[in-house]
Amino acid sequence: MALEESLIDRTAQLLDRARYLNMATVRDGAPWVATLQYAWFADPLHFVFGSSADSRHGADIRSEPRVSGSLFVAEGAEGADFAAVDGAQFTGRCSEIGPEQLGTYYAPFYQAMFPDAEQRAQWRLRPELLRAPAPHRLYRIDVERWWLIDTRRWAEDRIDRRVELPLDAVTQAALSARARPHAVSP
C-alpha cells in the first residue's frame, strides 16, 4: 500500500507540474503526435485541452478516438538531477466536448490554463468560439490506463521500466483528494 500511495502522490504532483502532454493519434495507419496544454480533472482521471477543430489530431479523433500519450517534467533543463525528473504514459479515449457540456468545463479549463485573472481575460476564447461552426473546440481524454517511470527499479539496476497505477475507485478517490480546486470533476 505504501508503494501505491507513493505512486498516487507522484501522479498528483506530475499532473500539477507538467504543463503539456503529448497525445498520439492514428488515422489510416499514419501516426501523429501533438503537444497540448491541458487541465486535468479527477474521479475519473481525465484531461481537457483546446484545439482547432480542423487540426490533424482533431480529424484523427473523429475517425479513431483511442489515443495514447505522455507527460514529462524535469527541474531545470541541462543536466537535470535524476531525482527531479518524472513522467507518465497513458492510454484512453478522446472526444470533442459538445455544447451540452461546454458550460461544465469552460471556467475550470481556463482557470487552470491561466490562473492569473488578467491573462485569463486576455487569452480565453468566448464560449461561442468553442461551438460549431466556430473553428475551435475543447476536447476530453478519458484516461483508461496510467504508467509512471519506475524510478525505484531504475535506482537498483538502471533498466528503464514503467509501473502501472491501476485507476480503480480507491486510486481515483485518492487523486481527487489531492487535486487542486480546478481539478475536481465537474
Discussion item. Is there a side-chain contact between R19 and Q37 in this structure, where contact means two heavy atoms from C-beta onward sitting under 4.5 Å apart?
Written reply: yes
Worksheet item: side-chain contact (heavy atoms from CB on, under 4.5 Å) with F72: which residues, sequence neighbours excluded?
Response: A74, V85
Worksheet item: Which pair of non-hydrogen atoms, one from F109 and one from G50, has the smallest distance, and what is that distance?
Response: CZ-N, 3.6 Å
Worksheet item: Is there any salt bridge (Lys or Arg N to Asp or Glu O under 4.0 Å) pair reaching into residues 91-116, and which pairs are they, with sequence neighbours excluded?
Response: R93-E144, E96-R137
Fill in: Stepwise side chain to side chain contact (heavy atoms under 4.5 Å, CB included) test for L71 and F90
CA-CA 9 Å; L71 296 89; F90 64 87; 3.9 Å; yes
Item to complete: Under the side-chain contact (heavy atoms from CB on, under 4.5 Å) rule, collect the residues that match up with P99, sequence neighbours excluded.
Response: R131
Worksheet item: Partners of S52 by side-chain contact (heavy atoms from CB on, under 4.5 Å), sequence neighbours excluded?
Response: D54, S55
Please table the atom pairs, donor to acceptor, closer than 3.5 Å between any side-chain atom in residues 23-33 and protein atoms at least two apart or in another chain.
from: T25; atom 1: OG1; to: D60; atom 2: OD2; distance (Å): 2.5
from: R27; atom 1: NE; to: D60; atom 2: OD1; distance (Å): 2.6
from: R27; atom 1: NH2; to: D60; atom 2: OD1; distance (Å): 3.0

Worksheet, complete the sentence: Residues V67 and C94: closest non-hydrogen pair is CG1-CB, 3.9 Å
Worksheet entry | For E128, salt bridge (charged side-chain N to carboxylate O under 4.0 Å, His left out) partners two or more places apart | R126
Worksheet entry | Results of side-chain contact (heavy atoms from CB on, under 4.5 Å) for R145 - residues two or more places apart only | T91, W147, E164
Worksheet, complete the sentence: Contacts of Y139 meeting ring pair (Phe, Tyr, Trp, His ring centres under 6.0 Å) (sequence neighbours excluded), chain-then-number -> F49
Worksheet entry | Over all atoms of both residues, closest heavy-atom pair of A88 and L148 | CB-CD2, 3.9 Å
Worksheet item: Is the closest side-chain heavy-atom distance between Y106 and R124 below 4.5 Å?
Response: yes
Item to complete: For the residue pair Y38 and F47, categorise the inter-ring angle as parallel (less than 30°), tilted (30 to 60°) or perpendicular (more than 60°).
Response: perpendicular
Item to complete: Write out all pairs satisfying salt bridge (Lys or Arg N to Asp or Glu O under 4.0 Å) with one or both partners inside residues 167-179, taking only residues at least two apart or from two chains.
Response: E5-R178, D9-R178
Item to complete: With sequence neighbours excluded, tell me which residues meet salt bridge (charged side-chain N to carboxylate O under 4.0 Å, His left out) with R66.
Response: E64
Worksheet entry | Pairing residues for R162 by the salt bridge (charged side-chain N to carboxylate O under 4.0 Å, His left out) criterion, not counting sequence neighbours | D160
Worksheet item: So which of L165, L15, D86 actually passes side chain to side chain contact (heavy atoms under 4.5 Å, CB included) with R10?
Response: D86
Worksheet item: Under the salt bridge (charged side-chain N to carboxylate O under 4.0 Å, His left out) test, which residues partner R140, sequence neighbours left out?
Response: D142
Worksheet item: Transitively linked via ILVMFWY side-chain contacts under 4.5 Å: L14 with L45?
Response: yes
